[in-house]
2 protein chains.
Amino acid sequence: MASDRTKALKGAVRTPRRGSEAPTIADVARAAACSPMTVSRVINGEDSVREETRELVLEAINKLNYTPNRAARSLAGGAQVRIGLLFDNPSASYLAEFLMGALEEAGRRDVHLEVQSCDSTDEAKPMMRKMFESGISGFILPPPLCDDQSVLDLVAELDTVAIAVGPGKADGTHGSVTIDDFQAAYDMTRHIIGLGHKRIGFIIGNPEQVASGRRLGGFCQAMQDAGLDVPDELLVQGRFNYRSGMAAAERLLALDPRPTAIFASNDDMAAATVAVAHRQHLDVPNDISVCGFDDTDLARSIWPELTTIRQPIRAMTAWAVAAIVRALRSKRSAELPKIERAVMPYDLIRRESDAAPALSAPTAKSGLQT
Amino acid sequence: MASDRTKALKGAVRTPRRGSEAPTIADVARAAACSPMTVSRVINGEDSVREETRELVLEAINKLNYTPNRAARSLAGGAQVRIGLLFDNPSASYLAEFLMGALEEAGRRDVHLEVQSCDSTDEAKPMMRKMFESGISGFILPPPLCDDQSVLDLVAELDTVAIAVGPGKADGTHGSVTIDDFQAAYDMTRHIIGLGHKRIGFIIGNPEQVASGRRLGGFCQAMQDAGLDVPDELLVQGRFNYRSGMAAAERLLALDPRPTAIFASNDDMAAATVAVAHRQHLDVPNDISVCGFDDTDLARSIWPELTTIRQPIRAMTAWAVAAIVRALRSKRSAELPKIERAVMPYDLIRRESDAAPALSAPTAKSGLQT
DNA sequence: CCATCATATGGTAGCGCTAACACAAAGCGT
DNA sequence: ACGCTTTGTGTTAGCGCTACCATATGATGG
């Protein structure tokens with residue numbers, strides 16, 4: 001008898017093993033009176049579905065509160081898309097924004113993000129190799145990695161998909177998302193000039209990053225267009241970090257006549273400038289205006305809050321993820337992988353660190369002080 | 001003839017659609033001369049595999065450079081695990097570390113992370129509800145969310161799995177990872193006392209966060225144990241941000257006699273203290289020592305770099321992800337979901353913002369200054 | 001010596017979705 | 001009228017893995 005039962009069970013229906021009771025595509029299909037395939041098509045926005053049918057399906061989806069199963073999707077859809085994200089010593093606030101944008105989009109697109117941090121560009125390259133070999137299908141390259149020629153060469157060699165977040169090379173091996181650094185710096189400079197400043201110091205960013213040059217360029221152009229002179233002494237080299245900002249600010253503030261405003265190429269250096277100014281008992285913004293760039297967390301966490309340029313970092317990385325997915329798709333369908341480039345809008349955020357220069361020309365104040 | 005061909009094709013093998021040529025579990029099974037099932041068991045570390053067989057399989061895995069397909073795994077394994085991560089205005093540097101830890105572990109465990117930011121605890125609750133309804137199976141709660149009773153109540157109501165990153169309540173509704181804030185503050189205070197300081201100011205953290213009280217407690221205990229007095233004037237309330245740190249520092253530095261050291265409950269407030277000190281032409285650390293807590297990015301980006309307590313934030317969030325996965329698993333297998341709690345080790349990081357007090361008692365220096 | 005159990009392994013049937021095809025119906029040129 | 005394409009939908013067969021059972025083998029116990 002026991003064996004009879006066993007035999008009977010053999011042909012019988014096994015216990016099904018649905019993970020949860022979440023609705024599946026089949027449930028939706030039933031509710032919409034069509035095939036699962038049609039539902040799939042609607043979900044994926046294919047255009048070969050009659051409008052009528054589509055609405056029926058959407059209604060069913062809504063009623064059942066259906067969400068596609070990500071795992072099944074990427075399993076059936078072929079390769080799982082994994083995107084590598086390498087960081088080389090970014091400022092934390094930049095990183096946070098960056099990750100949020102990437103994560104959000106990755107969630108939406110059902111892409112897996114592989115995040116790695118490294119300590120130098122040289123370390124980054126073998127890591128990229130390893131990630132590529134382990135099946136990473138695309139990379140997002142934040143600065144300064146996207147500014148390093150050898151990294152870009154590696155991208156070309158691997159023939160992988162990469163998006164530079166920041167100005168990339170236009171050699172067609174990779175896409176890029178960036179803001180118009182030149183124009184943004186130009187606008188900020190005009191804003192400062194508009195306040196009445198004439199002697200404006202500029203702290204240059206890390207020379208290894210392309211954006212630094214662009215920002216410098218925008219500054220110089222705006223000054224020139226306003227008929228203002230930019231003596232070399234007003235251009236001081238920094239490296240995008242607080243430390244370098246302090247050194248640069250000290251040099252600028254020791255100048256005679258002292259500049260009435262300082263435009264730093266990023267917020268970290270601007271924050272350092274504010275600190276140095278305070279140490280010298282200068283009031284910001286009344287004795288000296290300070291402007292930054294990036295609108296990272298820091299810009300709002302110090303006092304006075306920084307007037308700065310806001311980069312839509314989150315939107316930029318989200319775009320980068322989406323662009324990689326698109327590129328991968330077109331690569332698989334044998335079209336030549338298209339390289340996309342995007343230029344995002346920026347904003348000039350006016351806060352409390354800038355003001356019109358003091359009425360008494362600062363020249364009066366500073367006698368010989370050597 | 002054409003129709004003949006069509007009919008022939010009908011029964012024929014379709015084009016297979018392997019996404020990539022990555023090895024599958026079947027390939028490994030073939031190489032190890034066993035069934036895919038056995039390979040699966042080895043991968044998942046089940047113990048019902050003979051040691052001999054296991055090694056054979058591992059060898060094959062290595063040779064083929066096989067990695068399991070995540071999508072297939074979670075599809076077959078039942079429910080996909082999705083973990084919600086809600087942020088309420090964290091400092092960017094904290095967020096960055098936090099995310100890195102969570103992402104890393106989520107990658108390893110093949111868990112999907114759903115990150116959301118919100119602007120207040122009140123906003124957080126409806127968001128949690130919505131996420132829960134959309135199938136989020138667990139939450140990681142960073143401070144200050146994990147300190148809010150109504151949020152914890154919601155966790156209990158939803159009967160979902162949650163891990164507080166920070167000291168949680170011990171009511172058994174949720175797990176937690178934290179460091180011993182009391183002991184860490186105690187250690188730091190002893191360190192400062194050991195330097196020779198006797199008059200030490202303390203900036204308290206946001207009163208809504210449990211950790212604040214613990215840190216304060218540790219400070220007071222250490223002072224008491226050293227036989228040092230803590231007059232009320234040396235305890236100033238802050239809110240964990242730069243702004244509040246500035247205000248607090250101004251009050252402390254205006255004291256007569258001025259404290260020779262200030263211990264701020266986090267790095268942001270310590271950084272603010274350094275800035276205020278500098279503005280008052282005080283040298284850090286020679287005129288005044290400043291110590292922070294957390295070892296966020298900021299601690300190393302200002303000058304002098306802060307002596308602070310390092311929390312292993314990354315490890316903590318990684319642990320949180322792993323704990324949620326474990327809890328979910330035990331919940332599914334009908335065991336009562338176990339609530340895990342972990343206390344992680346911390347480090348006292350000595351940098352440049354602390355030193356022995358100046359030989360001349362500061363009292364001498366500060367006359368009446370009103 | 002056979003029932004009973006533990007241990008190690010295999011077979012099968014899905015998990016939920018989509019690629020690739022099949023096909024019916026409609027449109028269009030000749 | 002016939003082929004030919006186009007459009008919208010259905011059918012089938014997986015994607016790579018694991019849950020669930022079955023089974024082979026040895027160990028135990030009465």
Side-chain angles (χ1 to χ4, degrees), chain A residues 2-3 5-29 32-54 56-57 66-80 110 329 332-333, chain B residues 2-3 5-7 9-29 32-54 56-57 66-80 110 332-333:
Chain A
S3 91
R5 208 165 43 168
T6 313
K7 265 177 196 158
L9 271 174
K10 237 181 175 173
V13 187
R14 285 160 172 250
T15 60
R17 49 192 178 91
R18 299 269 320 267
S20 58
E21 63 302 315
T24 74
I25 203 169
D27 297 326
V28 177
C34 67
S35 80
M37 205 47 229
T38 303
V39 177
S40 171
R41 283 193 257 263
V42 170
I43 293 166
N44 293 298
E46 283 174 41
D47 44 5
S48 68
V49 180
R50 221 179 348 142
E51 199 48 50
E52 218 174 301
T53 321
R54 178 192 308 280
L56 229 62
V57 169
Y66 164 79
T67 40
N69 180 315
R70 300 165 181 289
R73 216 125 90 111
S74 57
L75 178 55
Q80 53 189 330
D110 192 27
R329 201 157 292 170
R332 240 197 298 163
S333 58
Chain B
S3 91
R5 210 164 43 166
T6 313
K7 264 175 196 158
L9 271 173
K10 241 180 174 172
V13 187
R14 286 163 171 247
T15 59
R17 49 192 179 92
R18 297 270 318 270
S20 57
E21 63 303 313
T24 75
I25 202 169
D27 297 326
V28 177
C34 67
S35 80
M37 210 40 233
T38 303
V39 177
S40 170
R41 281 192 259 265
V42 170
I43 293 166
N44 294 298
E46 282 174 41
D47 45 5
S48 69
V49 179
R50 218 175 355 136
E51 200 46 49
E52 216 174 301
T53 319
R54 178 190 309 279
L56 228 61
V57 170
Y66 164 80
T67 39
N69 180 316
R70 298 164 181 290
R73 216 125 91 110
S74 57
L75 179 56
Q80 53 189 332
D110 193 27
R332 239 196 301 164
S333 58

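Quick caveat, the model's predicted, so the values are computed rather than measured. Throughout, protein chains are lettered first and strands after them, A, B, ... in sequence-line order, and every chain is numbered starting at 1. Reckoned from all heavy atoms, side chains included, excluding hydrogens, waters and symmetry mates.
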K.L.:
Picking from D:dT18, C:dT9, C:dG16, which would you name as closest to the side chain of B:Thr53?
P.N.:
C:dT9
K.L.:
Could you report the tightest heavy-atom contact between B:Asp27 and B:Ala22, atom names first, then the distance?
P.N.:
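In this case the closest contact between B:Asp27 and B:Ala22 is OD2-O, 4.3 Å.
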K.L.:
Could you check how far CG of A:Leu75 sits from C1' of C:dG14, rounded to whole Å?
P.N.:
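Atom-to-atom, A:Leu75 to C:dG14, this comes out as 12 Å.
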K.L.:
Check the distance between C:dC17's C1' and A:Asp27's CG and give it to me in whole angstrom.
P.N.:
13 Å
K.L.:
For A:Ser35, which residues count as a side chain to side chain donor-acceptor pair (under 3.5 Å) partner, sequence neighbours excluded?
P.N.:
A:Thr38
K.L.:
Rounded off to whole Å, could you give me the CZ-to-C1' distance for the B:Arg70 and C:dC17 pair?
P.N.:
20 Å
K.L.:
Could you go over nucleotides 25-28 of chain D and give all protein N or O partners under 3.5 Å, atom names and distances?
P.N.:
none

K.L.:
Quick one: salt bridge (Lys or Arg N to Asp or Glu O under 4.0 Å) partners of A:Arg70, sequence neighbours excluded?
P.N.:
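Counting only residues at least two positions away or on another chain, A:Arg70 forms no salt bridge (Lys or Arg N to Asp or Glu O under 4.0 Å).
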K.L.:
For DNA chain D, what residues of residues 35-49 of chain A have any heavy atom nearer than 4.0 Å?
P.N.:
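Those residues are A:Ser35, A:Met37, A:Thr38, A:Arg41, A:Ser48, A:Val49.
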K.L.:
Going from OG1 on B:Thr24 to OH on B:Tyr66, what distance comes out if it is rounded to the nearest 0.5 angstrom?
P.N.:
7.0 Å
K.L.:
Could you tell me whether the phosphate oxygens of D:dG16, OP1 or OP2, come under 4.0 Å of any side-chain nitrogen or oxygen in B:Arg73?
P.N.:
no
K.L.:
Between CG of B:Leu75 and CG of A:Asn69, what distance do you get to the nearest 0.5 Å?
P.N.:
6.0 Å
K.L.:
Using the salt bridge (Lys or Arg N to Asp or Glu O under 4.0 Å) criterion, which residues pair with B:Arg41? Sequence neighbours excluded.
P.N.:
none
K.L.:
Mind grabbing the angle between the end helix axes of the helix from C:dC1-D:dG30 to C:dT30-D:dA1? Five pairs an end, 10° rounding.
P.N.:
40°
K.L.:
Considering only side-chain heavy atoms of A:Ala72, which listed nucleotide, D:dC17, C:dG16, D:dG8, is closest?
P.N.:
C:dG16
K.L.:
Rounding to a whole Å, what distance do you find between A:Leu56:CG and D:dT9:C1'?
P.N.:
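To the nearest whole Å, that distance equals 14 Å.
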K.L.:
B:Glu46 and B:Arg54: which non-hydrogen atoms are nearest, and at how many Å?
P.N.:
O-NH2, 3.2 Å
